[in-house]
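Along the sequence shown, residues carry numbers from 1. For ligands, and for the atoms within them, numbers begin at 1 and follow the listed sequence. This is a predicted model, so every value here is computed, not measured.
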Amino acid sequence: MSEKSDCVGSVVANHYNQLLERGVAERKESRIFHMRNLNNWIKSRIIGNILDQIRKDNGSHCRLNVLDLGCGKGGDLLKWERGNVHHVVCADIAETSIEQCKERYATLKHRSRNNVFSAEFIAADCSKESIRERMADRELKLDLVSCQFAFHYSFESLPQAEQMLANVSSNLQPGGYFIGTTTDANDIIRRLGRNEDPENRKFGNAIFSVEFPEETPLDPPPLFGAKYNFHLEEVVDCPEFLVHFPTFEKLAKKYGLKLVQKTRFEDFVRDELVHGKDLLMRMKALEAYPPFGNQRPVSQDPIDYDHVREYLDSSSSADGFRPKVGTLSKAEWEAVSLYLVYIFKKEDRTRDRKRRHSSSSDEEANTIDKGKTRVSN
Ligand SMILES: C[S@@+](CC[C@H](N)C(=O)[O-])C[C@H]1O[C@@H](n2cnc3c(N)ncnc32)[C@H](O)[C@@H]1O
């Protein structure tokens, strides 16, 4: 492994290790409170949908073993509890995050009087070592690997992306799923706007920025190691790498993982609103506008609400009544919409072969959630 790559791995680990745990009150005051809730809602929907799909595939009482790859402090533990899974392997490069994840799990376990999934915790650079060696049961087969907001770190180099995928594929059952969220490289390059000004290396707004250092070639960027510095108010300030999606898809295929869905967050949110609105409201993923009583809008910049004022102006009734709507400030939406959702399925070669031979049914093996399979660019 090169010195350079070791160095980036430790920068990432140090950054996440130093992140402070915030209390509920402090989180509510955050400029990105609703954006974080919206991201959490998106993950809840991805996880909920895929668990439904696995139960459809394998029977409603099937055992469910999960790997949370790049689990951080355990932001998804509650989702695993609500999803009634049986075992979760939590892995992350940041040791302090893994300790915090362990503590959160202990609290969850205590609160539920031991009536919760079993769990194990592994502090490891999953782009450089095999986690199977570190698992309590090396024979354990997983039904789901979830890698939320973390896969882009492995695109530092081809060997790292391959090791990450090996950790996914070698632990998954045939027919198991690999789900995740990552930045949309095409969108990042488009937003850089080098067509307008070939010198551009940075874009963003008051809450986030993406900046490519001089050493990253941009015309075109390399398939691996296309480093940019990502800054998100209060939470992230560290190097990440563009994930060239066709390369990701091709590599995943080499590891027996077939792409079944790739959806940009903005499309995912629109689609999931049909069934997920109640949860969205409960999770406070949108800001009420105009604000209630003497509350202030989250952003003090009026531009952040131009879109909603325009909407309200066009939909006010004749008596001037202006309803409240749920929205997100423009700055937060610009950050949310940098991401995409992906779902891969581990090929089940025996089953697929049998199915091809024995049935003329046109049921697609990879159909997710009532025909919503979508592979778009
Ligand atoms: C943005 S956080 C997301 C945490 C969590 N998945 C969530 O959604 O709340 C990214 C996480 O990926 C972890 N990470 C980055 N590179 C990693 C690597 N090579 N191996 C394992 N974890 C890694 C970081 O330590 C961090 O906890």
Problem set entry | Worked verdict on F344 versus F178 for ring pair (Phe, Tyr, Trp, His ring centres under 6.0 Å) | CA-CA 5 Å; F344 290 87; F178 169 40; 5.8 Å; yes
Exercise. Hey, mind stepping through K141 and L172 against side-chain contact (heavy atoms from CB on, under 4.5 Å) and telling me if it holds?
Worked result: CA-CA 6 Å; K141 278 290 176 196; L172 265 185; over 6 Å; no
For this session: Would you check, one step at a time, whether the test side-chain contact (heavy atoms from CB on, under 4.5 Å) holds for Q148 with I179?
Result: CA-CA 8 Å; Q148 302 299 339; I179 59 172; 4.0 Å; yes
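Aromatic ring pairs are classed by plane angle as parallel below 30°, tilted from 30° to 60° and perpendicular above 60°; the pair Y228 and F212 is tilted. Classification of the F248-F245 ring pair by plane angle, with boundaries at 30° and 60°, yields perpendicular.
For E240 against T183, the heavy-atom pair with the smallest separation is OE1-CG2, 4.2 Å.
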Tabulated below should be the N or O atoms of ligand 1 paired with protein N or O atoms at under 3.5 Å; can you produce that?
| from | atom 1 | to | atom 2 | distance (Å) |
| --- | --- | --- | --- | --- |
| ligand 1 | 6 (N) | G70 | O | 2.7 |
| ligand 1 | 6 (N) | Q148 | O | 2.9 |
| ligand 1 | 8 (O) | K43 | NZ | 2.7 |
| ligand 1 | 9 (O) | K43 | NZ | 3.2 |
| ligand 1 | 19 (N) | D125 | OD1 | 2.8 |
| ligand 1 | 20 (N) | C126 | N | 3.0 |
| ligand 1 | 22 (N) | I93 | N | 3.1 |
| ligand 1 | 25 (O) | D92 | OD1 | 2.6 |
| ligand 1 | 27 (O) | D92 | OD1 | 3.4 |
| ligand 1 | 27 (O) | D92 | OD2 | 2.7 |

